[in-house]
Chemist: 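Have a look at this one.
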There are 2 protein chains.
Amino acid sequence: MSAPVPLYQAKAEFFRVLGHPVRIRVLELLQDGPRPVRELLADIAIEPSALSQQLAVLRRYGIVVSRREGPSVVYELAGGDIAELLRTARRILTELITGQNELLAELRGAEAAAQ
Amino acid sequence: MSAPVPLYQAKAEFFRVLGHPVRIRVLELLQDGPRPVRELLADIAIEPSALSQQLAVLRRYGIVVSRREGPSVVYELAGGDIAELLRTARRILTELITGQNELLAELRGAEAAAQ
DNA sequence: TAGCGAATTGAAGAATGTTGCAAGTCGTGA
DNA sequence: TCACGACTTGCAACATTCTTCAATTCGCTA
């Protein structure tokens, strides 16, 4: 192979690709099955070209695949485990946010006490 | 709460935070348990200040926590599920890379046939 | 309490990523 | 084969993120 990319770098790159609001929304929509661009566009209110750019990123990394169906283009998740990753992420996020809220509550309490 | 951040945006932000080579390496090292900065520094060959910057990012998002132990500062993973997320990511990545290699092999074959 | 090692912070410039618009491709039906 | 809808691509302006280096903080001990 040409470039022996270290694994940790590939991993970082992978997460970075997931780290964009539009791309995440696309992946979440695709969890329920294949969808034409037209529908994605209806759910995510952005310019067609902006969506296309982000779809191109997901495609370039092999996270989604696309095929033409007559006049429209249909996208779907490439691997079966992406959905699981998103679920795990959601769980962690819930934990983190809960933790932050507790912390926030504590801080508020301390603040009030200090007044 | 002050800002009603949409969930998909929080999720994207979370992935983006994971999407950095140094941060990923730190998280992988911390999977085996708490470690002082000094040790992280020994494993990841970068300047102390650069590591500190990235640790600060992880801390800011509540992904790791730090505490001072005498002369050194010890870091550890904040939530229990981060390790699982990393494992899932590794599995997906393995799939993706395998898929890409197969594709590459096909392309090479086709190329050779076309010559 | 002066000094040293360990780690963090601040700030500026460099590098990357994102957005928006204009132009281009590809099917399909008139 | 012209025209139109559905997408994609190229590119320049703009925004964010990273790196680097100097300055600073915090414990500890001589």
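Keep in mind that the numbers below use all heavy atoms, side chains included, and drop hydrogens, waters and symmetry copies. For clarity, every value in this text was computed on a predicted model and none was experimentally measured. Chain letters run A, B, ... following the sequence lines, proteins first, then strands; residues in each count from 1.
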Chemist: Could you list all N or O pairs between the protein and nucleotides 22-29 of chain C that sit under 3.5 Å apart?
Modeler:
none

Chemist: Take atom CG of L40(A) and atom C1' of dC7(D), then tell me their distance rounded to the nearest Å.
Modeler: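 Nearest whole value for this atom pair: 12 Å.
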Chemist: Do the side-chain N or O atoms of Y75(B) get closer than 4.0 angstrom to the phosphate oxygens (OP1, OP2) of dT8(C)?
Modeler: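 Yes, Y75(B) has a side-chain N/O under 4.0 Å of OP1/OP2 on dT8(C).
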Chemist: Might you point out which heavy atoms bring R59(B) and S52(B) nearest each other, and give the distance in Å?
Modeler: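 That closest heavy-atom pairing would be NH2-O, 4.3 Å.
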Chemist: Please report the distance, rounded to the nearest Å, between CG in L51(A) and C1' in dT9(D).
Modeler: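 Those two atoms, CG and C1', are 14 Å apart.
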Chemist: So what does Q53(A) hit on the nucleic acid, given a heavy-atom distance under 4.0 Å: a base, only sugar-phosphate, or nothing?
Modeler: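 The residue Q53(A) makes base contact.
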Chemist: What closest approach, in Å, do L41(A) and I46(A) show between heavy atoms, and which atom pair accounts for it?
Modeler: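 Looking at all heavy atoms of both residues, the shortest contact is CD1-O, 3.5 Å.
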Chemist: Could you give the CD-to-C1' distance, from Q54(B) to dA7(C), as a whole number of Å?
Modeler: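 So the two atoms are 15 Å apart, to the nearest Å.
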Chemist: Heavy atoms only, 4.0 Å cut-off, all strands: where does S72(A) land among base, sugar-phosphate and nothing?
Modeler: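 Counting heavy atoms under 4.0 Å across all strands, the contact made by S72(A) is with sugar-phosphate only.
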Chemist: R16(A) side chain to L18(A) main-chain N or O, any donor-acceptor pair under 3.5 Å?
Modeler: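 Side chain of R16(A) to backbone of L18(A): no pair is present.
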Chemist: Without decimals, in angstroms, what is the distance between R35(A) CZ and dC7(D) C1'?
Modeler: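 In whole Å, dC7(D) C1' and R35(A) CZ are 18 Å from each other.
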Chemist: Expressed as a whole number of angstroms, how long is the span from I46(A):CD1 to dG20(C):P?
Modeler: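 For the pair I46(A) CD1 and dG20(C) P, the rounded distance is 9 Å.
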Chemist: Salt-bridged, R35(A) to E76(A), with N to O below 4.0 Å?
Modeler: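 Salt bridge between R35(A) and E76(A), a charged N being under 4.0 Å from a carboxylate O: no.
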Chemist: Expressed in angstrom and rounded to an integer, what is the separation of R16(A) atom CZ from dT16(C) atom C1'?
Modeler: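 Whole-Å distance recorded here is 8 Å.
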Chemist: Whole-Å distance between dT17(D) C1' and L58(B) CG?
Modeler: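 Interatomic distance, CG of L58(B) to C1' of dT17(D): 14 Å.
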Chemist: Which nucleotide sits closest to the side chain of R59(A): dT8(D), dA6(D), dT8(C)?
Modeler: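 The answer is dT8(D), which lies nearest to the side chain.
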Chemist: Where is the tightest heavy-atom contact between Y75(B) and L30(B), given as atom of each residue plus distance?
Modeler: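 The answer is O-CD2, 3.5 Å.
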Chemist: Please determine if a side-chain N or O atom of H20(A) lies less than 4.0 Å away from the OP1 or OP2 oxygen of dT19(C).
Modeler: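 Answer yes for this pair, as a side-chain N or O of H20(A) is under 4.0 Å from OP1 or OP2.
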Chemist: Which heavy atom of K11(B) sits nearest to which heavy atom of I24(A), and what is that distance?
Modeler: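 Scanning both residues completely, I find the closest heavy atoms to be CD-CG2, 4.2 Å.
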Chemist: Are any side-chain N or O atoms of R23(B) and backbone N or O atoms of V17(B), one a donor and one an acceptor, separated by less than 3.5 Å?
Modeler: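 Side chain of R23(B) to backbone of V17(B): a pair is present.
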Chemist: Just how far, in rounded Å, is C1' of dG10(C) from CZ of R60(B)?
Modeler: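 The distance from CZ of R60(B) to C1' of dG10(C) comes to 13 Å, rounded to the nearest Å.
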Chemist: With the side chain of A50(B) defined as its heavy atoms from C-beta on, choose the nearest nucleotide among dT18(C), dT8(C), dT20(D).
Modeler: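 Of all the options, the side chain of A50(B) is nearest to dT20(D).
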